[in-house]
Amino acid sequence: MIVRIGHRPEGIVADPLTGTVAVGLHEPDGLALLDGRRLRLRTTIRLSGAPRHLGLERAGGPVLVPAEPAGTVIRVGLPRGRPVSEVRVGRQPHDLTVARDRVFAGNELGNSISVLEGARVTKTFPVALQPGGLAAIEQGSRVAVVSVRERVLELFDSTTLRRTDRVTAGVGPTHIACLDGGPCYVTDTSGDSLLVYTLRPRIELDRRLRLPGGPYGIALDSARARLWVTLPGANQLVELPAHGRPHVLRTFPTVQQPDTVAVDRTTGRVFVTGKIAGVVQVIDP
C-alpha cells in the first residue's frame, strides 16, 4: 500500500505504543504524523529544519528530530505532534540514539557527539570524521558510532564518554543497527555490502554480505529477529534474519529512492519512504 505523505520524505520512525509513524519532510521542512495502524495521515507540523533521520526518546514518544540546517534537536510529543523543546547542538546533527536516559546526537559536520539531558546539552565529545549512524548497545552502557568520511566504527562508554574500541568499516559506511549484545550491522553503501561486527571480546568484522544497490537505510525488528535494509540504487527492500549470519530471505520492490525504513515492533509492519514521489510504502510481511 502507498500513502501520500508530503514533499521529499526522508527519515522515519514507528512508535510501537501509539502506533504513530513520524516522517521527515523537506521544503517546506516539517514532520508528518501517520496513523500506522489505520494508514491515515494525522497531521503535518512545520519545523525549523528538515531531518534525514528520526528517533524515539522512548516508546510513546517524544519523537527526536535532528534538524540539520538549524543545528538543533527538536522533541515532538505523540500522538498530537506538539513540539516540546528545541535544543541547539553542533553543526548539522544527522542521527541520534538514546543511552541511559540521555540523547546522543551526532554532529555530521562538527565531527562530534552532543549529549542531551532534558532540554540542555551537558557534554560534547569528538569522534572520527563525519559521524553518520549511531546505536546504543549493551543496555545503553556503550554507544556505537559509524563515521562516513573516516570509514571507521567506534565504541564509546556512555558514562565516561571515552572511546573503548575502533575498527575499520568498509569503503563507504553510512548507518548502523545493533542487537543489544551484538552483532552490529553497518550498511557499507559505496561497497554494496552489509558488514556484520561481533562485540566480544573486542569489536571485530565477522562477515561481509554483498547487497548490490547501495544499502543505506536500516531497521531492526528485535521482536521477530528481522533486519530490513533499503537498496536505493535498485529500488528494493531486503529482509534478513537478525543474527550473526544474515542472508537475504526476501526482496521487495519499492517506490523510487527508498532512503529510510522503519518497523513497528508491535505489528511487524514495515514503512519505507519514497523520496521522489513523496510517499510512504507500507509492507505487511
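Being a predicted model, the structure only gives us computed values, none of them experimental.
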Residue pair S114 / N107, side-chain donor-acceptor N/O under 3.5 Å: yes
Ionic contact status for R8 with E27, cut-off 4.0 Å: yes
Any carboxylate oxygen within less than 4.0 angstrom of a Lys/Arg side-chain nitrogen, looking at D206 and R245? yes
Are the side chains of L96 and H53 in touch, meaning some heavy atoms are under 4.5 Å apart? no
May I ask you to check whether over 12 heavy atoms, not counting those of R38, lie within 6.0 Å of atom CZ? no
Please find the pair of heavy atoms, one from L56 and one from G61, that lie closest to each other, and give the distance. CD2-CA, 4.2 Å
Whether R162 and D157 form a salt bridge (side-chain N of Lys/Arg under 4.0 Å from carboxylate O of Asp/Glu) is what I want to check. no
The side-chain contact (heavy atoms from CB on, under 4.5 Å) partners of V171 (sequence neighbours excluded) come to D188, S190
Which residues share a side-chain contact (heavy atoms from CB on, under 4.5 Å) with T174, sequence neighbours left out: T187, T189, Y216
Please determine if R269 and D264 form a salt bridge, counting it only when a charged side-chain N lies under 4.0 Å from a carboxylate O. no
Could you grab the distance from atom CG of L34 to atom OG1 of T44, nearest 0.5 Å is fine? 10.0 Å
Side chains of P93 and E108 in contact at under 4.5 Å (non-hydrogen atoms): no
Through direct or indirect side-chain contacts below 4.5 angstrom among Ile, Leu, Val, Met, Phe, Trp and Tyr, which residues connect to V272? W228, L237, F252, V261, V263, V270, I283
Is there any salt bridge (Lys or Arg N to Asp or Glu O under 4.0 Å) pair reaching into residues 112-140, and which pairs are they, with sequence neighbours excluded? R102-E117, E138-R142, E138-R200
Going by side-chain heavy atoms closer than 4.5 Å, which hydrophobic residues are tied to I137, directly or by a chain of links? V146, L153, L155, V167, I176, V186, L195, Y197, L199, I203, L205
Side chains of residues 69-78: which donor-acceptor partners sit under 3.5 Å, not counting sequence neighbours?
residue	atom	partner	partner atom	Å
T72	OG1	E86	OE2	2.8
R75	NE	E57	OE1	2.7
R75	NH1	G118	O	2.7
R75	NH2	E57	OE2	3.4
R75	NH2	G118	O	3.0

Within one Ile-Leu-Val-Met-Phe-Trp-Tyr cluster: F271 and L54, side-chain cutoff 4.5 Å: no
Where V248 and T251 come nearest, the two heavy atoms and their spacing: CG1-OG1, 3.6 Å
Hey, could you give me the CD/OG distance between E68 and S48, rounded to the nearest 0.5 Å? 12.0 Å
To the nearest 0.5 angstrom, please state how far the CZ atom of R58 sits from the CG atom of D15. 11.0 Å
If Ile, Leu, Val, Met, Phe, Trp and Tyr residues are connected whenever their side-chain heavy atoms lie under 4.5 Å apart, and connections chain through other members, are V103 and V115 in the same group? no
For V196, run the side-chain contact (heavy atoms from CB on, under 4.5 Å) check against R208, R207, H243, E204 and tell me which one passes. R207
By side-chain contact (heavy atoms from CB on, under 4.5 Å) - contacts of A277 (at least two apart): V279
If you round to the nearest 0.5 Å, how far is OG of S222 from CG of L227? 11.0 Å
So which heavy atom on H247 is nearest to which on L209, and how close? CA-CD2, 4.1 Å
Stepwise salt bridge (charged side-chain N to carboxylate O under 4.0 Å, His left out) test for R202 and D165: CA-CA 7 Å; R202 58 175 292 116; D165 229 330; 2.8 Å; yes
Please list all pairs meeting disulfide bond (SG atoms under 2.5 Å apart) that have one or both residues in residues 193-259, counting only residues at least two apart or in different chains. none
Residue pairs meeting ring-ring contact (aromatic ring centres under 6.0 Å, His included), one or both in residues 99-134, sequence neighbours left out, come to F125-F156
Under 4.5 Å between side-chain heavy atoms, counting indirect links through other Ile/Leu/Val/Met/Phe/Trp/Tyr residues: same cluster for V229 and Y185 or not? yes
Counting heavy atoms not belonging to D101, are there more than 12 under 6.0 Å from its CG? no
Determine whether the aromatic ring centres of H7 and H26 lie less than 6.0 Å apart. no
Heavy-atom closest contact (L220 atom, C178 atom, distance): CD2-O, 3.3 Å
Within residues 204-285 or reaching into it, pairs that qualify as disulfide bond (SG atoms under 2.5 Å apart) - sequence neighbours excluded: none
Between L17 and T266, is there a side-chain heavy-atom distance shorter than 4.5 Å? no
Could you state the interatomic distance from CG (N235) to CD (Q257), rounded to the nearest 0.5 Å? 8.5 Å
Across all chains, not counting sequence neighbours, the side-chain hydrogen bond (donor to acceptor under 3.5 Å, both in side chains) partners of D95 are none
Taking the side chain as everything from C-beta on, heavy atoms only, tell me whether P173 gets closer than 4.5 Å to R151. yes
Could you check whether T124 and S112, counting side-chain N and O atoms only, form a donor-acceptor pair closer than 3.5 Å? no
Over 12 non-hydrogen atoms of neighbours within 6.0 angstrom of CZ in R91: no
What distance separates S147 OG from N111 CG, expressed to the nearest 0.5 Å? 7.5 Å
What's the shortest heavy-atom distance between A32 and L41, and which atoms? CB-CD1, 3.9 Å
Inspect the surroundings of CZ in R224 and state if more than 12 heavy atoms from other residues, nucleotides or ligands are less than 6.0 Å away. yes
With sequence neighbours left out, which residue pairs that include part of residues 245-285 fulfil the disulfide bond (SG atoms under 2.5 Å apart) condition? none
Check whether any side-chain heavy atom of V87 sits under 4.5 Å from a side-chain heavy atom of V121, and report yes or no. yes
Tell me whether R166 at atom CZ has more than 12 heavy atoms from other residues, nucleotides or ligands lying less than 6.0 Å away. yes
I need the minimum non-hydrogen distance between Q281 and P253, along with the two atoms involved. NE2-O, 3.2 Å
